[in-house]
Structure formats: structure tokens, C-alpha cells
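To start, the structure under review is shown below, and the notes come after it.
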Amino acid sequence: PEGGLDGVELERYRLLGALAELARELGERAQEPISLQFYAIQTAFRFRLQGRQGEIAETIFELTERYPGIPAWRVAAASLRAEMGDMDIARTEFERLTADGVVGLPRDAQWPTSLAILCDLAFQLDEAERAEELHELMAPYSGEVIVVGRATVSWGPVDRALGLASAAAGRLDRALEELEAALRLAEHMGDRPFTALIELDIATTALRRRDAGDRERALELLDNCLDAAQRIGMRALSERALALKLETQGIAGVDVTTSIGDVIDAVESERPDVRGYAAADGTVTILFSDIEASTRMTERLGDERWLGVLRNHNRVFRERLQARGGYEVKNQGDGFMLVFPDPAEALRCAVEVQEDLAARAEECPEEGVRVRMGIHTGEAIASEGDFFGRNVILAARIAAVARGGEVLVSDALRERVDGEAGLGFEEGRELELKGLAGTHRVYGALVS
């Protein structure tokens, strides 16, 4: 694949995901109930690091109900709640699970995994008392590795769980010793995901302790974590590491990792009324954009210089948007959602932005950005002005499959602007778009 060694490694992780899917399908055909459990175990950790918790949540919650006699699923569900930001629910479930003390958990095949996940939860929830209990139970297994199920997946070194429990209990010196031991073991095994995760754990704990050299060690490990996370597509881990790095460097609150999906999430929560932007026929044209590989570019340029690049990117968009009669619905980090009454003007705006950014890249290649855009035209008005349905998702999904420097448009938009002066398209192609049934024909706009 393209991308040299990085591409090979990323392809390896994609293949592992595909094999997990195939194993689940074959297991279901063979009517083997445990296949779904194995799939959930193999997928949960990967999806969490990729920021795709929502895709596995329903399966985990279903398994919790289906197998009440396996507490590990309740532990996994509580952890997932915390990862999704539902901290109150996670805390309630943590307290319910440990109401009789962690020694009350049955010592079944999943006992070590349950304890490890509870250590992680105790760290996130600052549950010091239970953390000490967890540490005492797991301490005899220091130096070993947790294996889930029948060798279904590795859940990392025991010393990582010990380190998190120690940190939750406020024993930061002990925590860092244990986490450093976990890091050495993960590196020795060649376990790239857990190596990156432990690097973030150490950085977080070192920044809590703040002894001499802790800040420098934390920044070093955050750089390592970011590099590995980007190489193998662990987007959520990359965003957590970058946010901590920016905070450590005194640039907290700057979102430079936002994707098209994040823009949608923000827009759906705010629900702006876009009926006033519709054309006479009740349609509106939606444009989504973001910068390709922005996290990696941030690391290459440094935070201050990247912010200058981001400001220039935003200025170009807003100047062209105003000239073409469009409206900014949302700007989050490096992503935009724009709407236009006129589909032709929307496309002209997109093409002009790409041309402006390409000219800037020629002048200063190091600061050149490659933006991907998707555009779709659809109905603006639904019940009570609820615009956020299929048309928004379609525009966003088209943008998500575009390449940097490309403007992809839906078949509906191409039909509306066909014959407009100065606008042209490449040959169309059929694509499957995530979350949408069937295939969809899209066209690349011609950009000089």
C-alpha cells in the first residue's frame, strides 16, 4: 500500500479488523454463540482507541443483558460508559460492581481482565479506596500479561493496571515505577497499541506528580504516542495525547484535531435553523470540509506555527464564502459546515478555496494544507425545522471519502449545476458510504 512502512502497518490493522468480522460471520452461520463474545472482545479495544465506541456500544450492552452471570461484561460496559463521557453512569456501575469490595468479584476466567478494567476505571473516576484494594489483588501477578478469553486478545501488561491503581490511590512514585515496567514489557512484545497507551498513561501521571524532569519526560512520551497513534490509525488516542501536549505547553482549549464527524456532532447538538438559507424550491446545498492529516502536520510544524496555518485556512474559507453568498453553520478546529442557497455558487466557492490553498502551498510548501470537501443538495425543511437527517449525513460521508485537494459532489448536486459556466466534473464513481444503504454515485469537481 501507499505510505511505505506506515501504510503496511495500517493495512495490517485493517486486515485484523476484517478477519474479526469474518470470524463473527462464520461463527453466526455455525450457530456458535461465543463468536459474538470473541468479536466484541477483539473489537472493543481497537474501536475505543479509534474513537468508534458508539459502533460497539450496543453489542457490549446487549452482551451485558444476555450474560448476567459474567460480570466482566458489566465491567466492560461501565468502562465503555466512561470512554463515551457518561461518567455519572460509569460511577454508579463502578460502585454497584464493588459494593461488597472488589474481592467479591468471582474468580472466573475473566477475573484478571475485570480487575484490569476496574483499575482503569478507578483511575478515571479517582476512586482511591477501591484502587488500593485492586492493587493488592493484582500485585502478585506483576510482570505478567493479561489474556482475555481463550487467547482471544491481549489486554496488556499487569503492571499497567497496577500503575493506574497506584495513581488513582495517589501513590504516584509507585505508579510511575509500575507504568515504566509495563512500557518495557509492551515494547519487548512489540505491542504497538499498548505501548502508545502506556506512554500516555506515564505522561498523564508524570504531569500529576510534577517532579524535576517529569514535564520533559511527559512531552517526550506524548510525541512517541502521537507518532504511533497516527501510524496505525488510533484517532481517539491521538486526540487525547495531542490535547494533553497542548495543555502542557500552555495552549489549552485549542481544538486542532477536529474531523468532519466532530463537526456533525457539534451541529446536531446545537440544531441551528437553516430554513432561512434555502433556495426558493426549499433545497439547500451543504458543504463539509476538513484538513487531511492535520494532526501529523501539527506535530511537524509545532503548535504555534500550525495555529497560523489554521488561521490562514479559515480566512480563505470565509472570504470565498462571503463572496459566494454562503453561510457558516459551524467551524470546529479544522472542519467547516457551510450552507448555500445556490448549488452552483457552493461549488464555485469550493473550487476557489482549493485554488487559493494550492497557490499558498506553492509559495510555502511546508505550510501547504490539503483540504477534502464534500457537497450535496437536498431538502432543507423537515418537521419543526429539523434539518439534520439523511442529507447532512450524505454530505458529510462524501467529504469523508474525498482525498486532500479534492471536491466530491453528489449526483443530485451535479444534476443541478450541469451546464453552468466554468464548472466541470470527472467521470463519476459508485461508492458505499458508511451508515447509508446501497451505493452512491459521486463526482470529482475539476479544480485547476
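Quick note: residue numbers are just sequence positions, from 1.
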Please confirm whether the backbone N or O of [Y] pairs with a side-chain atom of [X], one donor and one acceptor, at under 3.5 Å?
X: Arg372; Y: Ala400; result: yes
X: Asp191; Y: Phe194; result: yes
X: Asn331; Y: Gly335; result: yes
X: Thr64; Y: Ile60; result: yes
X: Glu127; Y: Leu121; result: no

Sort out for me which residue in Val409, Thr285, Val284 forms a side-chain contact (heavy atoms from CB on, under 4.5 Å) with Pro343. Thr285

Drop me the distance from [X]'s [atom1] to [Y]'s [atom2], to the nearest 0.5 angstrom.
X: Met87; Y: Phe94; atom1: CE; atom2: CZ; value: 11.0 Å
X: Glu177; Y: Ser142; atom1: CD; atom2: OG; value: 11.0 Å
X: Asn224; Y: Leu183; atom1: CG; atom2: CG; value: 8.5 Å

Using a strict 4.0 Å threshold on nitrogen-to-oxygen distance, state whether [X] and [Y] make a salt bridge.
X: Arg403; Y: Glu406; answer: yes
X: Asp88; Y: Arg81; answer: no
X: Glu292; Y: Arg370; answer: yes
X: Arg441; Y: Asp411; answer: no
X: Arg184; Y: Asp159; answer: no
X: Arg91; Y: Glu95; answer: no

Is [Y] close to [X] at the side-chain level, that is, under 4.5 Å between some pair of heavy atoms?
X: Val329; Y: Leu338; result: no
X: Leu321; Y: Phe340; result: yes
X: Ile398; Y: Ser410; result: yes
X: Phe425; Y: Leu347; result: yes
X: Ile198; Y: Pro157; result: yes

Nearest atoms (heavy-atom pairs only) where [X] meets [Y]:
X: Ala131; Y: Ala169; result: CB-N, 4.1 Å
X: Leu137; Y: Arg107; result: CD2-NH2, 3.6 Å
X: Ser79; Y: Ile117; result: CB-CG2, 3.4 Å

Might you confirm whether atom CD of Glu430 has over 12 heavy atoms from other residues, nucleotides or ligands at distances under 6.0 Å? yes

Tell me whether the count of non-hydrogen atoms from other residues, nucleotides or ligands lying under 6.0 Å of CD in Glu25 goes above 12. yes

With sequence neighbours excluded, residues passing side chain to side chain donor-acceptor pair (under 3.5 Å) with Glu355: Ser448

Who passes side chain to side chain donor-acceptor pair (under 3.5 Å) against Ser166, sequence neighbours left out? His135, Arg174, Glu178

Sorted by chain and number, sequence neighbours left out, ring-ring contact (aromatic ring centres under 6.0 Å, His included) with Phe61 holds for none

